[in-house]
There are 2 protein chains.
Amino acid sequence: MSKSNNVYKDAFNRCLRLLDETRSLPSEPELGTLLGVSRTTVRSILSRMEETGLIAWNKRDKTVLRPPRTQDFFPEEETDSLAEIIERSFMRRLLAEGAEAGMQINELELAREIGVGTTSVREFLIRFSRFGLIEKRRNSHWVLKGFTRAFALELTEIREMFELRSAAAFAALPEDSPVWADLDRLEVEHRQLADEIATRFNEFSELDERFHRLIHRASHNRFIVDFYDVIAMIFHYHYQWNKAQERERNEVAVQEHLAYIAALKSRDPGKVDAACRKHLKSARQTLLSSIPEGRQAQLA
Amino acid sequence: MSKSNNVYKDAFNRCLRLLDETRSLPSEPELGTLLGVSRTTVRSILSRMEETGLIAWNKRDKTVLRPPRTQDFFPEEETDSLAEIIERSFMRRLLAEGAEAGMQINELELAREIGVGTTSVREFLIRFSRFGLIEKRRNSHWVLKGFTRAFALELTEIREMFELRSAAAFAALPEDSPVWADLDRLEVEHRQLADEIATRFNEFSELDERFHRLIHRASHNRFIVDFYDVIAMIFHYHYQWNKAQERERNEVAVQEHLAYIAALKSRDPGKVDAACRKHLKSARQTLLSSIPEGRQAQLA
DNA sequence: AAAATGTTTTTTCACGATAAAAGACATTAT
DNA sequence: ATAATGTCTTTTATCGTGAAAAAACATTTT
């Protein structure tokens, strides 16, 4: 099979959505930057759009002939990259019952189960290993360390260290730094979400990530910024799996964020520290309380 | 070529050194644990030792017939794993003149240059990416961020945060913890090295790593412990490349370590903090001063 | 001449295949 | 009965290969 053309399919779908808005498409290089793909892929997309009668394409002229229909789109599942597919399968296994610490991970078995080559699985596991949940035995298998209470505590310890420092750096940023505008925009989004929390509570996690990433970026330290990937990954899958009191949790978190934002804007180090600590404390509580009892025993 | 038998060759060489000490070799499983390889590899080693007349092998009986000669050993370079070979080549390039930040890294070119398959290079780059020196453009090349002054500052910032915390945790460890014995042993080694620093100064870097790893382990946090890999890697290659004032540097560092050890043993948080800060400060100075001027300009 | 399109080359991504190494199972010795 | 040896099976590490995607080069259009 060698390589799937998911990049093309995904870009094609995104390009279809562009069709709704305009009468004609921009130049090839421009489309490339817009979709984040190379001109080669852009041209494949245009070829297909021409074939299926979506556009008339003649050199610079790319006129939209008809609006896209549902059947013009490639199925969603064909637009995922192999890495995403492997990650999902792996996380499902990891968070499923019976994924005990100390368990062996078998590349070949994983690859067969998911239906992909071993190379892709190996590369995924290497990338994934930085999250601290698995470990390699040289020339041999991987060992699952387990999503335990110990893991959550170690993760939050670093998170708290990094975020307190980043928040302090943020508050010390000069008045004319563009981050203050970013923060204002996020504040507006938070207020809007707070007003409609009853129906939109599930939109919080995306906002949460953008907010914390903005703060971490103020550290100007690649290790701190990169570490947020670990947190984001854990939160992403964890909350997908644990939906208990999601609305209440997010409602509280939004308010904490607003207080945190106000503290940052006050630029008072003491206030920033307090608001940050308060939010991190409840974030830790939330994470810990959602680790099932069975997993807490896996400390050994 | 598929896979080199460096594991076997390396274990064989190590096993040869064992021959000097005994009249007969232990059981296969025992040898396996001793050498850190499987029984399959142990049996290959024994086979060859029998063939070359080093031992007489009959089931449980493995009698040493003659001491190993120089030509019995496999050449050193054949005992390196592919990963080590790639790492060395890559680091040579990275630390060589002309490795400017922003430069592209080409998997295929690297693979051809080193004479290995692309898969191994890819896997190496993925593993290496956690050091924060390179970054992947999806579906495209890697970008070198460069071993710049900024990198060194970001690295030391985290290091200082982590080590101060670990040192505090260390000092708070109960009297009966086995780490105190470990520390005592390290203290003795430090004193011995201090006495013969004029001739043995190049042995410091190995001792340095063991000392700091012991302290970091007291944090009981996998992220802190793992982060020392980044520091160790940088120091390893960096000092291999920059030998200026090595003796003086190490002499100072040994003394700082001894003061640091004394502070830890006093279990006084204030003293520990002070000694730790002092050492970390001079470590940072050493690292920064060894970044050539040309590289400092690469901040952008 | 700058920017687009058309064409060709190179690189990345993913696979199956194969030898090395690990691991499992069967047999034998203490 | 335990622990070793002998044998067979499975998994890991690595390569070459080929399609997808990117990038480079050449040509045309504005």
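Residue numbers start from 1 in every chain, and the chains themselves are labelled A, B, ... in the order their sequence lines are given, proteins ahead of strands.
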### Task
For Asp61(B) and dA3(D), give me the distance from atom CG to atom P, rounded to whole Å.
20 Å

### Task
Could you please name the option among dA22(D), dT14(D), dA24(C) that lies closest to any side-chain atom of Val37(A)?
dA22(D)

### Query
Quick one: is dG18(D) close enough that its OP1 or OP2 comes under 4.0 Å of any side-chain N or O from Ser2(A)?
no

### Query
What does Arg112(A) touch in the nucleic acid at a heavy-atom separation under 4.0 angstrom: a base, only the sugar-phosphate, or nothing?
sugar-phosphate

### Among dA21(C), dC25(D), dC25(C), the one nearest Arg39(B) by side-chain distance
dC25(C)

### Task
Give a yes/no on whether any side-chain N or O of Arg60(B) is located under 4.0 angstrom from OP1 or OP2 of dA29(C).
no

### Query
Does a side-chain N or O from Lys136(A) land closer than 4.0 Å to OP1 or OP2 of dA13(D), or not?
yes

### Query
Can you check the Asn58(A) CG to dT5(C) P distance for me, whole Å?
11 Å

#### Entry: Closest nucleotide among dG6(D), dT11(D), dT12(C) to the Leu108(B) side chain
dT12(C)

### Message
Under a 3.5 Å threshold, yes or no: a donor from one side chain and an acceptor from the other, between Glu107(B) and Trp142(B)?
### Response
yes

### Query
Can you check the Glu107(A) CD to dT10(D) P distance for me, whole Å?
17 Å

### Summary
Closest of dA21(D), dA21(C), dT14(D) to the Asn5(B) side chain is dA21(C)

### Summary
By nearest-nucleotide position on DNA chain D, the 5'-leaning member of Lys9(A) and Gln104(B) is Lys9(A)

### Task
Determine, step by step, whether Asp61(A) and Thr63(A) satisfy the side chain to side chain donor-acceptor pair (under 3.5 Å) criterion, reporting the C-alpha distance in whole Å, the side-chain angles of both residues, the deciding distance to 0.1 Å, and the verdict.
CA-CA 6 Å; Asp61(A) 192 59; Thr63(A) 323; 3.0 Å; yes

### Query
Within this structure, what is the CG-to-P distance between Leu125(A) and dT11(D), rounded to whole angstrom?
15 Å

### Message
Taking the nucleotide of DNA chain D with the nearest heavy atom to each, does Trp142(A) or Thr118(B) sit closer to the 5' end?
### Response
Trp142(A)

### Rounded distance (Å) that lies between atom P of dC13(C) and atom CG of Asp10(A)
16 Å

### Arg122(B) side chain, from C-beta outward: closest of dG6(C), dC13(C), dG16(C)
dC13(C)

### Task
Answer yes or no: does a side-chain N or O of Asn106(B) lie under 4.0 Å from OP1 or OP2 of dT12(C)?
yes

### Message
Please tell me whether Tyr228(A) and Glu209(A) have a donor and an acceptor in their side chains that are separated by less than 3.5 angstrom.
### Response
no

### Message
Between Ser120(A) and dC13(C), is there a contact of a side-chain N or O with OP1 or OP2 at under 4.0 Å?
### Response
no

### Query
For Lys59(B) and dA4(D), is the shortest distance between a side-chain N/O and OP1 or OP2 below 4.0 Å?
no

### Query
Does Glu109(A) reach the main-chain N or O of Asn106(A) with its side chain, forming a donor-acceptor pair under 3.5 Å?
no

#### Entry: Nearest-Å distance for atom pair CG/C1', residues Leu46(B) and dA4(D)
13 Å

#### Entry: Pair Arg210(B) + Glu206(B), salt bridge at N-O below 4.0 Å
yes

### Message
Under 4.0 Å between a side-chain nitrogen and a carboxylate oxygen: does that hold for Asp72(B) and Arg66(B)?
### Response
yes

### Query
Do Phe74(A) and Tyr8(A) have ring centres separated by under 6.0 Å?
yes

### Task
Using only side-chain N and O atoms of Thr41(B), determine if any of them is under 4.0 Å from OP1 or OP2 of dA22(C).
yes

### Query
Rounded to whole angstroms, how far apart are OH on Tyr8(B) and C1' on dA20(C)?
12 Å

### Query
Does a side-chain N or O from Ser38(A) land closer than 4.0 Å to OP1 or OP2 of dA21(D), or not?
no

#### Entry: Interatomic distance, Lys3(A) NZ vs dT17(D) C1' [rounded to whole Å]
14 Å

### Task
Please state whether the phosphate of dT12(C), meaning OP1 or OP2, lies under 4.0 angstrom from any side-chain nitrogen or oxygen of Asn139(B).
no

### Message
Can you tell me if Ser140(B) touches the phosphate of dA23(D), counting only side-chain N or O atoms and a distance under 4.0 Å to OP1 or OP2?
### Response
yes

### Message
Does a side-chain N or O of Lys62(B) approach OP1 or OP2 of dT5(D) to a distance below 4.0 Å, or not?
### Response
yes

### Task
On DNA chain C, check which nucleotide each of Ile105(B) and Thr40(A) is closest to and give me the residue with the more 5' one.
Thr40(A)

### Task
Classify the nucleic acid contact of Ser4(A) as base, sugar-phosphate or nothing, counting any heavy atom under 4.0 Å across all strands shown.
sugar-phosphate

### Short side-chain N/O contact to dT10(D) OP1/OP2 from His141(A), under 4.0 Å
no

#### Entry: Comparing Thr119(B) and Glu30(A) on DNA chain C - which has the more 5′ nearest nucleotide
Glu30(A)

